[in-house]
Structures are given as structure tokens and as C-alpha cells.
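These notes concern the structure reproduced below.
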Amino acid sequence: HNNSQKSFRKIFAFIIGKGKTTRRDIQKYTDYSWSSVSSVVSVLINNGYVIETDSINGGVGRNASYIVPNGDKYVCIGLDINSTGFSLSVIGIDGSIKYGASYPYSIQTKEFVMDTIFKAIDDAIAFIGESYNLVSIGISCQGIVDNTHSIFTRFHFCDDFSNVNLKEI
């Protein structure tokens, strides 16, 4: 079970990283058997995480097709927090930008910054609605972050903004 999850993650991450690839390229990268690659890719296609597109003539045997991430179904939210405000984007897993907004502010209090962040996330989730499936939220912060515990330890532009657990956002 653990190896199966590892295979799925490795193959899916490769597809997202490449943006457009073939089963043969996946096999070369992962060194997995052809049947393992085909099995994982079939599950990813059946669940809508990736789609098959554009047949290409490989010369011998069946024509290969490209496998691409399905950015029309699965999205991520990205936040970039800094001293003058922050920006938020909804991005398809294929890298396409679906929605973007900026939230400028003058740093006031931790409560104000957190309320603004939550409003922005609520706006993004309202945009996503029933049209997309949210896969993850990523946060980039200007300040000091404890990566081991996902704690935003200090935001030097706001004195009371410290020890914020990013997982709770």
C-alpha cells in the first residue's frame, strides 16, 4: 500500500512538473514497469486528475498520446503575504491562472491581517464553487517561518503577528 502511494505521488508529480508527457517518458523517469505506469496513469485519468490528449506517431506500434494535468477540474490557492498587502491566485494544476486578486493594506494588527487573509481565502473558495476541486493552499510569507512546525514565527512589519500556525489558515 505504501509503495503504491509512493508510485502515484511520483508519477503525478512528474506529470505536473512536465506539464505534458507520455507514458514512455514517465516510465523512463520512474524506472517503473510499463504495466505499473499504465495502471497508475489509468487511475489518474479515470479520476480526472489528468487527461489524454494529442496522439503522436511514435513509429512502431500504437500511437502514443500526451498526458497532461487537468487544470479545468483541479486547482490550488496561492497566497503571497508581504508588508504592503498580499496577493492571492487560484491556479489550475496545469499552471493556468483562473483567478487573481490583490489585497493592499497598511499593517495594523495581527487580527486585521488574519481577517484580511481569511476574507481573501473565502473570496477564492467562492470563485472555485462547484466549478473546480481544491487540492491545496500554499502560503509564501515575508518573515521568519519555522518549516518544521509550519509556524510563522515573526512578521517584522507587524509586532503582534507572531507564532501563527500556517496549518490553521
Exercise. What is the minimum heavy-atom distance between Gly71 and Val75, and which atoms define it?
Worked result: O-CG1, 4.3 Å

Problem set entry | pair Glu52-Arg23: side-chain heavy atoms closer than 4.5 Å | yes

For this session: Count the heavy atoms belonging to other residues, nucleotides or ligands that lie under 6.0 Å from CG of Asp122, then report whether that count exceeds 12.
Result: yes

Problem set entry | More than 12 heavy atoms of other groups within 6.0 Å of Leu134 CG | yes

Seminar exercise, completed: Closest non-hydrogen contact found for Pro69 with Gly19 is CD-O, 3.1 Å

Exercise. Apart from Ile45 itself, what residues make up its hydrophobic cluster, given side-chain heavy atom links below 4.5 Å?
Worked result: Phe8, Ile11, Phe12, Phe14, Ile15, Ile16, Ile26, Tyr29, Tyr32, Val37, Val40, Val41, Val43, Leu44, Tyr49, Val50, Ile67, Tyr74, Ile93, Val135

Exercise. Can you tell me how far the CG atom of Asn47 sits from the CG atom of Asn133, to the nearest 0.5 Å?
Worked result: 11.0 Å

Problem set entry | Ion pair check, Asp115 and Lys119, cut-off under 4.0 Å | no

Exercise. Heavy-atom distance under 4.5 Å between the side chains of Ile121 and Leu79, does that happen here?
Worked result: yes

Exercise. Any donor-acceptor pair under 3.5 Å linking the side chain of Asn70 with the backbone of Gly48?
Worked result: yes

Exercise. With the threshold set at 4.0 Å, does a side-chain nitrogen-carboxylate oxygen contact exist between Lys98 and Asp72?
Worked result: yes

For this session: Kindly write out the residues that satisfy ring-ring contact (aromatic ring centres under 6.0 Å, His included) with Tyr132, not counting sequence neighbours, or none if the list is empty.
Result: none

Exercise. Is the shortest heavy-atom distance from the side chain of Thr21 to the side chain of Tyr66 under 4.5 Å?
Worked result: no

Exercise. Do Ser39 and Ser36 have side-chain atoms, one donor and one acceptor, less than 3.5 Å apart?
Worked result: no

Seminar exercise, completed: Rounded to the nearest 0.5 angstrom, the CZ-OG distance for Phe86 and Ser140 is 12.5 Å

For this session: Check Tyr99 against Ala124 and note the closest heavy-atom contact, atom names and distance.
Result: CE2-CA, 4.3 Å

For this session: Following the transitive rule for hydrophobic clusters with a side-chain heavy-atom cut-off under 4.5 Å over Ile, Leu, Val, Met, Phe, Trp and Tyr, establish whether Met114 and Ile81 coincide in one cluster.
Result: yes

For this session: Answer with yes or no whether the hydrophobic clustering places Val68 together with Ile91; edges join I, L, V, M, F, W, Y residues whose side-chain heavy atoms lie under 4.5 Å apart.
Result: no

Seminar exercise, completed: Interatomic distance, CD1@Ile128 vs CG@Asp123, rounded to 0.5 Å, equals 11.0 Å

